[in-house]
Amino acid sequence: MTVRYFAAAKAAAGTAEETVTLPPDATVADAVALLRSAHGPELGTVLDRCSFLLDEYAVRDRSTVLRDASVLDVLPPFAGG
């Protein structure tokens, strides 16, 4: 699965994109837990405030099951106008 980070999440992860391997039937919540443990507390703090897109659709339920070819976008709150 591909994970793409934006803004503060990108800075905290130290990368704009990475590929992660998850077990079959892993969920968005499982992916978030993996990212939190892989990148440490700074990203963990950002993840607490993030929303997510899965294959370009907003994730409303973190128990959504992922597919191997999925793309998960990590979107921290944005300011602007």
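Everything numeric here is computed off the predicted structure, so don't read it as measured data.
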Apply side-chain contact (heavy atoms from CB on, under 4.5 Å) to A33 and list each qualifying residue two or more places apart in sequence or on a separate chain.
none
Take D73 and F52 through the side-chain contact (heavy atoms from CB on, under 4.5 Å) test and state the conclusion after the steps.
CA-CA 6 Å; D73 292 328; F52 301 91; over 6 Å; no
Can V74 be reached from L22 by stepping across I, L, V, M, F, W or Y side chains whose heavy atoms are under 4.5 Å apart?
yes
Residue pair E18 / L35, side-chain heavy-atom distance below 4.5 Å:
yes
Donor-acceptor list for residues 42-50 side chains, cut-off 3.5 Å, not counting sequence neighbours:
from: T45; atom 1: OG1; to: P41; atom 2: O; distance (Å): 3.1
from: D48; atom 1: OD1; to: R36; atom 2: NH1; distance (Å): 3.2
from: D48; atom 1: OD1; to: R36; atom 2: NH2; distance (Å): 3.1

Neighbour count above 12 (heavy atom, 6.0 Å) for D61 CG:
yes
Are V71 and V20 linked, directly or through intermediate hydrophobic residues, by side-chain heavy-atom contacts shorter than 4.5 Å (ILVMFWY only)?
no
Just so I know, are the side chains of L72 and M1 near enough to count as touching, which here means a heavy-atom distance under 4.5 Å?
yes
Side chain to side chain contact (heavy atoms under 4.5 Å, CB included) partner of V59, the single match among L54, V32, L53
L54
Check D55 with R67, please: is the shortest side-chain N to carboxylate O separation under 4.0 Å?
yes
Carefully, step by step, assess V3 and E17 under the rule side-chain contact (heavy atoms from CB on, under 4.5 Å).
CA-CA 6 Å; V3 179; E17 185 175 298; over 6 Å; no
Is there a donor-acceptor contact under 3.5 Å from the side chain of T27 to the main chain of D30?
yes
Looking at P76 and A8, what are the two nearest heavy atoms and their distance?
CG-N, 3.8 Å
